[in-house]
*Asks:* 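Would you mind keeping the following structure in view while I ask a few things?
Per chain, numbering begins at 1; letters A, B, ... match sequence-line order.
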Amino acid sequence: MFKIVEKIVLAPSLKLFKVLAPEIAARVQPGQFIILRINERGERIPLTVADFDRSRGLLTLIFQEVGRSTKDLGKMEVEDYILDLVGPLGRPSEIANLGRVICIGGGVGVAPVYPITRALKQAGNEVISIIGARSQDYLILTEEMQAVSDRIWIATDDGSAGEKGLVTDILLQFIENNKPIDLVIAIGPLPMMKAVAEATRPYQIKTLVSMNPIMVDGTGMCGACRVVIGEETKFACVDGPEFDGHLVDWNIAQMRARMFGKEEKMAMETCSCGGDGHCQNQK
Amino acid sequence: MPKSKVRPPRQPMPLQEAQERVKNFTEVSLGYTEEHAILEASRCLSCKKPLCVDGCPVEVDIPAFIKFIQEKNYSQAIAKIKEKNNLPGICGRVCPQESQCEKHCILGKKQQPVAIGRLERFLADETSGSGQQSEQIPSSGKKVAIVGSGPSGLTAAADLALLGHKVTVMEALHTPGGVLVYGIPEFRLPKSIVQQEIDNIKELGVDIQTNTVVGKINTIDELLSGGYDAVFVGTGAGLPNFMNIPGENYNGVYSANEFLTRTNLMKGYLFPEYLTPIRIGRKVAVIGAGNVAMDSARTALRLGAAESTIVYRRTEKEMPARDEEIEHAREEGVQIRILTSPVEIIGDENGWVKSLVCQKYELGEPDESGRRRPVVIPGSEYEMEMDTVIMAIGQGPNPLVSQTTPDLAVNRHGNIIAEEATGKTNKTGVFAGGDIVTGAATVIQAMGAGKKAARAIHEYLMR
Ligand SMILES: Cc1cc2nc3c(=O)[nH]c(=O)nc-3n(C[C@H](O)[C@H](O)[C@H](O)COP(=O)(O)OP(=O)(O)OC[C@H]3O[C@@H](n4cnc5c(N)ncnc54)[C@H](O)[C@@H]3O)c2cc1C
Ligand code: FES
């Protein structure tokens with residue numbers, strides 16, 4: 001059982017939990033994820049670790065309420081316990097002093113990009129950050145990102161903060177004026193990551209993206225998380241989650257992300273007891 | 001009851017009716033009643049040199065336990081089994097007895113062999129698996145870590161605990177049991193039985209830590225330097241194989257592991273009461289013909305598929321599944337297409353499976369082994385409408401331990417290399433067994449490996 005010790009509502013349907021998990025906190029590296037299960041009936045939900053506090057044994061998880069399971073998670077409060085939490089899973093990001101790097105986070109993707117950005121900065125890189133969101137209300141970790149970046153840009157769809165437009169608009173401008181760039185790392189919604197990869201392709205800048213396909217076990221046993229990288233099928237939970245954005249088959253990734261759309265809707269429409277009335281008896 | 005001179009026939013297993021059982025997930029085989037068990041036990045010849053025991057990978061003293069059944073002394077009978085086998089309720093249900101103990105039964109030469117597996121199951125159910133020696137075991141002061149809680153790990157754990165060692169089992173998933181909980185379906189092996197047998201092992205003082213992925217949260221080297229005197233690796237098979245044919249990434253193509261894990265471990269058949277979804281459609285094809293394939297095909301029917309078809313490249317003779325599973329699958333309406341193999345999966349505009357293109361084979365000339373190889377019939381491609389395709393064509397070894405233990409020797413497939421008789425690897429203090437060593441095999445073989453390793457670990461610790 002894993003205790004929630006802090007909860008912050010960052011934006012509408014965007015929540016931050018700090019969870020007591022000392023063994024994982026001692027071990028996790030930027031780029032890795034955990035899988036949690038709220039209760040006996042829950043799904044296994046993968047979440048990239050947004051931050052960790054080794055001395056206090058805490059993991060920071062930031063998630064957007066997109067479906068039934070993340071909504072249920074969002075309803076949990078400080079002092080509540082998460083039934084299962086396993087990690088760290090996946091390969092850590094490779095952190096090295098490469099020179100000039102650009103870290104891009106879109107929406108809730110800013111959360112996982114933050115510890116990578118911090119590590120790249122600590123490794124001695126010149127770090128440029130670009131963070132994007134629908135509007136000011138959905139921007140997260142702006143100050144934290146600022147603190148670990150040499151320069152930071154913000155893009156919002158409606159212009160309510162930073163530049164009006166997409167992260168790729170800023171990215172392209174920056175690349176034009178500031179060559180060479182040694183690495184771009186982008187984490188966010190699939191269309192954003194794809195757009196970043198397309199933007200950097202002509203410049204042949206190495207571009208890493210973090211894939212978050214549907215997962216079940218997260219240990220390389222089920223193959224639900226397969227992604228196509230170049231000609232090869234890879235399992236994101238053990239071979240990733242980071243891959244070369246120029247090699248990802250984005251069409252397959254987008255198609256597979258929609259696999260359970262119908263069931264998601266159905267789960268949203270049922271109450272948390274599944275119809276046996278047990279939700280009425282619990283709080 | 002006076003003993004009749006004529007030997008009674010082999011007692012049939014009471015079953016749920018096929019038309020009924022395809023609509024539920026409760027167990028297909030209902031188990032012997034006491035009356036069946038006594039009659040069946042009375043068939044045993046109590047051979048002086050019992051051949052059946054030679055056929056048992058863990059050498060259960062079969063005639064001895066059957067004798068106790070004849071005397072209705074069930075607690076002694078189960079204790080006899082437990083001297084060698086800590087998971088009787090599981091083995092009685094899923095062991096391929098026809099190719100092990102029962103294959104060697106002398107009665108089988110003229111009539112049908114004694115139903116050893118059914119008797120084992122009867123005892124386990126009758127006694128809830130108790131009957132373990134319960135006296136305090138003196139502690140050896142040694143600590144052993146077991147990686148993986150499948151049958152190999154659980155068996156090694158129980159045997160080592162009985163020898164007085166402090167045993168900790170580390171399991172990656174949230175529930176212990178390995179394939180017994182995530183793979184083999186409820187209707188063949190109820191999860192409450194697995195739980196019961198795991199509880200019995202816990203009672204021996206074995207500590208089971210779930211949600212613990214060795215290789216990620218710690219490494220084998222850290223376990224050895226951090227207070228464990230020996231490690232047993234029983235991480236089983238992982239990494240499902242795909243065929244590398246076009247269309248395999250369409251939605252609706254599952255590995256059997258994913259399909260069965262969603263259904264069994266995550267209870268997807270109770271969606272949306274349980275939140276893990278599984279979509280099945282009307283027509284399901286399962287590629288392969290092992291136990292995993294039969295389980296998938298039968299699960300698909302229970303999830304509501306109208307048609308469930310096994311597609312297999314060879315012929316019935318070569319099907320690796322247990323005879324009983326093939327028979328039960330047929331009774332339930334699973335169709336079997338032999339000498340057939342897929343070449344492409346075709347998707348619709350939304351990226352969902354629409355059809356499966358298959359090719360036909362015929363048996364060609366015998367190869368070196370004398371088996372007639374299937375060869376493609378040119379131009380035999382045909383298309384079958386399909387909503388779901390399940391790949392049950394085997395798995396590679398789980399990579400997480402070997403990836404993080406570079407000095408642990410593996411073969412070219414990635415299986416850990418271990419001595420057959422002892423489970424010893426090339427790394428001092430590290431033993432391995434089960435599917436991670438042999439590739440996908442059987443529950444009882446994994447248990448046998450766990451047993452041998454436990455013996456060798458004990459010797460290593462007490463040297
Ligand atoms: C669907 C299906 C049906 C089957 N039917 C039969 C049958 O009827 N009869 C029969 O005899 N056999 C059957 N088998 C085969 C049998 O189940 C296996 O041979 C047996 O379970 C292997 O046991 P094991 O202990 O080696 O590994 P597993 O049962 O695979 O257990 C390994 C465990 O280790 C865990 N693990 C892996 N990596 C790590 C790690 N790094 N850290 C911690 N834990 C880890 C896994 O999560 C898993 O729980 C079937 C298999 C399947 C998949
Ligand atoms: S989530 Fe199952 S293999 Fe990656």
Side-chain angles (χ1 to χ4, degrees), chain A residues 2 23-24 26-28 32 35-38 40-45 67-69 72 83-90 214 216-228 233 235 238 249 251-256 258-260 262-264 266-270 272-276 278, chain B residues 171-175 178-179 182-183 209-218 222 235-242 244 248-262 265-268 270-279 347 350-352 391 395-400 403:
Chain A
F2 298 82
E23 288 176 349
I24 303 172
R27 198 75 187 196
V28 63
Q32 290 189 296
I35 288 185
L36 63 79
R37 195 170 71 122
I38 301 173
E40 269 310 314
R41 297 172 185 222
E43 273 183 284
R44 289 171 65 92
I45 311 172
R68 171 63 198 283
S69 290
D72 284 355
L83 179 61
D84 296 299
L85 202 151
V86 58
L89 299 171
I214 293 171
V216 185
D217 61 305
T219 64
M221 178 271 281
C222 78
C225 62
R226 53 198 195 274
V227 288
V228 178
T233 295
F235 292 176
V238 284
D249 186 323
N251 290 337
I252 288 182
Q254 282 174 315
M255 178 187 90
R256 289 188 62 79
R258 289 193 301 265
M259 177 137 171
F260 291 110
K262 221 159 75 186
E263 287 74 11
E264 265 296 321
M266 191 167 151
M268 291 289 279
E269 284 159 4
T270 46
S272 52
C273 77
D276 71 356
H278 113 126
Chain B
E171 167 55 48
L173 293 171
H174 56 257
T175 310
V179 168
Y182 78 69
Q209 298 177 353
T210 50
N211 296 318
T212 305
V213 185
V214 175
K216 289 289 175 188
I217 191 81
N218 53 26
E222 286 165 350
T235 47
L239 297 176
N241 294 337
F242 286 87
N244 295 320
E248 263 177 334
N249 289 311
Y250 282 124
N251 292 332
V253 183
Y254 300 94
S255 77
N257 274 3
E258 180 186 355
F259 178 70
L260 292 171
T261 302
R262 283 179 180 277
L265 180 70
M266 305 311 296
K267 301 215 177 356
L270 299 173
F271 180 85
E273 185 190 338
Y274 282 71
L275 284 173
T276 303
I278 181 136
R279 193 189 293 183
N350 297 315
W352 271 87
M391 295 290 173
Q395 293 138 274
N398 193 303
L400 291 176
Q403 267 174 12

*Asks:* Quick one: does B:Lys216's side chain have a donor or acceptor within less than 3.5 Å of a partner on A:Val28's backbone?
*Replies:*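 No, B:Lys216 side chain to A:Val28 backbone: no donor-acceptor pair under 3.5 Å.
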*Asks:* Which one, B:Glu248, B:Glu258, B:Gln395, leads in non-hydrogen pairs under 4.5 Å with chain A?
*Replies:*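 Looking at each of B:Glu248, B:Glu258, B:Gln395 in turn, B:Glu258 comes out on top.
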*Asks:* Report which part of B:Asn249 has an atom under 4.5 Å of a heavy atom belonging to chain A: side chain, backbone, both, or neither.
*Replies:*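 Its backbone and side chain both get close to chain A.
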*Asks:* If you compare all heavy atoms of B:Pro240 against all heavy atoms of A:Gly223, which two are closest, and at what distance to 0.1 Å?
*Replies:*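 B:Pro240 and A:Gly223 have their closest heavy atoms at CG-N, 3.9 Å.
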*Asks:* CD/A:Glu43 to OG1/B:Thr276 distance, rounded to the nearest 0.5 angstrom?
*Replies:*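 It comes to 5.0 Å.
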*Asks:* What part of A:Ile38 gets within 4.5 angstrom of chain B, counting heavy atoms only: side chain, backbone, both, or neither?
*Replies:*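 For A:Ile38, no heavy atom lies under 4.5 Å from chain B.
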*Asks:* How long is the gap from CD on A:Glu263 to CZ on B:Arg279, to the nearest 0.5 Å?
*Replies:*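 If I round to the nearest 0.5 Å, the distance is 4.0 Å.
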*Asks:* Give, for atom CD of A:Glu23 and atom CD of B:Gln209, the distance between the pair rounded to the nearest 0.5 Å.
*Replies:*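 Result: 7.0 Å between the selected atoms.
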*Asks:* Give, as side chain, backbone, both or neither, the part of B:Asn350 having an atom under 4.5 angstrom from any heavy atom of chain A.
*Replies:*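 For B:Asn350, backbone heavy atoms alone lie under 4.5 Å from chain A.
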*Asks:* Of the backbone (N, CA, C, O) and the side chain (C-beta and beyond), which part of B:Lys267 lies under 4.5 Å from a heavy atom of chain A, both, or neither?
*Replies:*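 B:Lys267 has no heavy atom closer than 4.5 Å to chain A.
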*Asks:* When you compare the side chain of B:Val253 with that of A:Arg226, does any pair of heavy atoms fall below 4.5 Å?
*Replies:*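 The answer is yes, as the side chains (C-beta and beyond) meet within the 4.5 Å cut-off.
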*Asks:* If you count heavy-atom pairs under 4.5 Å between each of B:Asn257, B:Asn251, B:Asn244 and chain A, which one has the most?
*Replies:*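 The residue among B:Asn257, B:Asn251, B:Asn244 with the greatest pair count is B:Asn251.
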*Asks:* Based on non-hydrogen pairs under 4.5 Å, which of B:Pro277, B:Gly351, B:Gly238 is most in contact with chain A?
*Replies:*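 It is B:Pro277.
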*Asks:* Need one label for B:Tyr250: side chain, backbone, both or neither, based on atoms under 4.5 Å from any heavy atom in chain A.
*Replies:*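 Both backbone and side chain of B:Tyr250 come within 4.5 Å of chain A.
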*Asks:* Which region of A:Val227, side chain (C-beta onward) or backbone (N, CA, C, O), has a non-hydrogen atom less than 4.5 Å from a non-hydrogen atom of chain B, or is it both or neither?
*Replies:*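 Contact with chain B is absent: no heavy atom of A:Val227 under 4.5 Å.
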*Asks:* Under a 4.5 Å heavy-atom cut-off, does chain B meet the side chain of A:Ile252, its backbone, both or neither?
*Replies:*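 For A:Ile252, the side chain is the part near chain B, not the backbone.
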*Asks:* Grab the two heavy atoms, one from B:Ile217 and one from A:Gly87, that are nearest each other, plus how far apart they are.
*Replies:*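 Heavy atoms only, the tightest pair is CD1-O, 3.5 Å.
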*Asks:* Is chain A contacted by the side chain of B:Leu400, its backbone, both, or neither, given a heavy-atom distance below 4.5 Å?
*Replies:*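 For B:Leu400, side-chain heavy atoms alone lie under 4.5 Å from chain A.
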*Asks:* At what distance, to the nearest 0.5 angstrom, does CG of A:Asp217 lie from CZ of B:Arg262?
*Replies:*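 Reported value, rounded in 0.5 Å steps: 10.5 Å.
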*Asks:* If I measure from the heavy atoms of chain B, does A:Arg37 come under 4.5 Å with its side chain, its backbone, both, or neither?
*Replies:*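 Only the side chain of A:Arg37 comes within 4.5 Å of chain B.
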*Asks:* Looking at B:Thr210, B:Leu239, B:Val213, B:Leu173, which has the largest count of heavy-atom pairs under 4.5 Å with chain A?
*Replies:*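 Top option by heavy-atom pairs under 4.5 Å: B:Leu239.
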*Asks:* Determine the option with the most heavy-atom pairs under 4.5 angstrom with chain A, choosing from B:Asn218, B:Thr175, B:Leu265, B:Asn398.
*Replies:*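 It is B:Asn218.
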*Asks:* Measure B:Leu270 against the heavy atoms of chain A and call it side chain, backbone, both or neither at under 4.5 Å.
*Replies:*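 When you check distances to chain A, no heavy atom of B:Leu270 falls under 4.5 Å.
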*Asks:* Go through the atoms of A:Ile35 and report whether side chain, backbone, both or neither lie under 4.5 Å from a heavy atom of chain B.
*Replies:*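 It is neither, since no heavy atom gets under 4.5 Å.
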*Asks:* Does a side-chain heavy-atom distance below 4.5 Å link A:Met259 with B:Trp352?
*Replies:*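 They are in contact (side-chain heavy atoms under 4.5 Å apart), so the answer is yes.
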